S.K.: 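Can you read through this structure? Questions will come right after.
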Amino acid sequence: MTVTLHVCITCRAGQPVREGEITPGARLHRAILAGVPEDVHVVPVECLSACSQGCSVALSAPGRWSYVYGRLSDVNAPDVIAGAAAYAAAPDGIVPWRSRPEIFRKQSLARIPPITILPEPAE
């Protein structure tokens, strides 16, 4: 199953960014694109609202738990890619603790349950 990895490209990671310079979030996005597996669809986003937590990414797929990870940089791209691949391989989105890259164990900002569609009420 294809999963979505959202990457905040506007993140400044608390650093001043001069006109024309690439943001730390955009550097992370570029580094991830260099090695992302086929079953991971990378989507750049303007903001994940985790600005005080440095660069962030979110993993999601229909019927699976979703996650937001922060305090990342382009140096973490290989671990983000490995974590996204493990997430894609997990049928419910829950990757066993010891199978997660260390940054995914320590830098999780949120875990969001799958959306449950309730049946329409009977009239």
Side-chain angles (χ1 to χ4, degrees):
M1 166 187 269
T2 300
V3 300
T4 302
L5 175 65
H6 293 91
V7 182
C8 177
I9 59 169
T10 56
C11 176
R12 296 172 179 262
Q15 302 172 16
V17 178
R18 292 187 207 110
E19 184 76 28
E21 284 186 340
I22 186 168
T23 63
R27 284 196 306 270
L28 174 60
H29 179 254
R30 284 185 185 176
I32 289 169
L33 288 176
V36 72
E38 257 184 51
D39 54 354
V40 177
H41 177 65
V42 180
V43 177
V45 294
E46 292 294 320
C47 184
L48 287 173
S49 291
C51 304
S52 66
Q53 299 297 323
C55 295
S56 56
V57 300
L59 274 168
S60 62
R64 295 176 180 222
W65 284 82
S66 298
Y67 296 87
V68 179
Y69 300 99
R71 299 179 293 277
L72 303 171
S73 74
D74 55 327
V75 173
N76 303 118
D79 287 331
V80 172
I81 293 165
Y87 177 82
D92 56 3
I94 300 175
V95 177
W97 179 259
R98 294 188 191 278
S99 299
R100 298 176 194 173
E102 186 174 352
I103 62 166
F104 278 19
R105 285 185 252 148
K106 294 186 173 187
Q107 296 172 195
S108 177
L109 303 179
R111 178 179 141 168
I112 304 156
I115 294 174
T116 303
I117 300 175
L118 300 174
E120 292 291 323
E123 290 190 31

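Keep in mind that this is a model prediction, so the values were computed, not measured.
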S.K.: Hydrophobic clustering (ILVMFWY, side-chain heavy atoms < 4.5 Å, transitive) - are Tyr87 and Leu109 grouped together?
M.R.: no
S.K.: Could you please spell out the steps behind the side-chain contact (heavy atoms from CB on, under 4.5 Å) verdict for Ser73 and Cys55?
M.R.: CA-CA 6 Å; Ser73 74; Cys55 295; 5.8 Å; no
S.K.: Salt bridge between Arg18 and Glu21, side-chain N to carboxylate O under 4.0 Å?
M.R.: yes
S.K.: Can you name the closest pair of heavy atoms from Val40 and Ala88 and give their distance?
M.R.: CG2-CB, 4.5 Å
S.K.: Please enumerate all residues that pass salt bridge (charged side-chain N to carboxylate O under 4.0 Å, His left out) together with Glu38, with sequence neighbours excluded.
M.R.: none
S.K.: Tell me which one of Val57, Asp79, Val7 satisfies side chain to side chain contact (heavy atoms under 4.5 Å, CB included) with Leu72.
M.R.: Val57
S.K.: Going by ring pair (Phe, Tyr, Trp, His ring centres under 6.0 Å), name the residues that satisfy it together with Phe104, two or more places apart in sequence or in a different chain.
M.R.: Tyr69
S.K.: Applying side chain to side chain contact (heavy atoms under 4.5 Å, CB included), can you list everything that pairs with Ala90, at least two apart in sequence or on another chain?
M.R.: Asp92, Val95
S.K.: Return all side-chain donor-acceptor pairs below 3.5 angstrom for residues 23-33, not counting sequence neighbours, or 'none' if the list is empty.
M.R.:
unit_1: Thr23; atom_1: OG1; unit_2: Ile9; atom_2: O; d: 2.5
unit_1: Thr23; atom_1: OG1; unit_2: Ala26; atom_2: N; d: 3.1
unit_1: Arg27; atom_1: NH1; unit_2: Ile22; atom_2: O; d: 3.2

S.K.: Among all residues two or more places apart in sequence or in another chain, which pass the side chain to side chain donor-acceptor pair (under 3.5 Å) test with Arg111?
M.R.: none
S.K.: Compare every heavy atom of Arg71 with every heavy atom of Gln107, then report the nearest pair and how far apart it is.
M.R.: NE2-O, 2.9 Å
S.K.: For His6 versus Val45, what's the shortest heavy-atom pair and its separation?
M.R.: CD2-CG1, 3.5 Å
S.K.: In the single-linkage hydrophobic clustering (I, L, V, M, F, W, Y; side-chain heavy atoms under 4.5 Å), do Trp65 and Val68 co-cluster?
M.R.: no
S.K.: Counting distance only, does the side-chain N/O of Arg64 pair as donor-acceptor with the main-chain N or O of Ile94 below 3.5 Å?
M.R.: no
S.K.: Among the clusters formed by ILVMFWY side chains lying less than 4.5 Å apart, do Leu59 and Leu48 turn up in the same one?
M.R.: no
S.K.: Check salt bridge (charged side-chain N to carboxylate O under 4.0 Å, His left out) between Arg98 and all other residues, then give those that pass, not counting sequence neighbours.
M.R.: none
S.K.: Check whether any side-chain heavy atom of Leu5 lies under 4.5 Å from a side-chain heavy atom of Val43, and answer yes or no.
M.R.: no
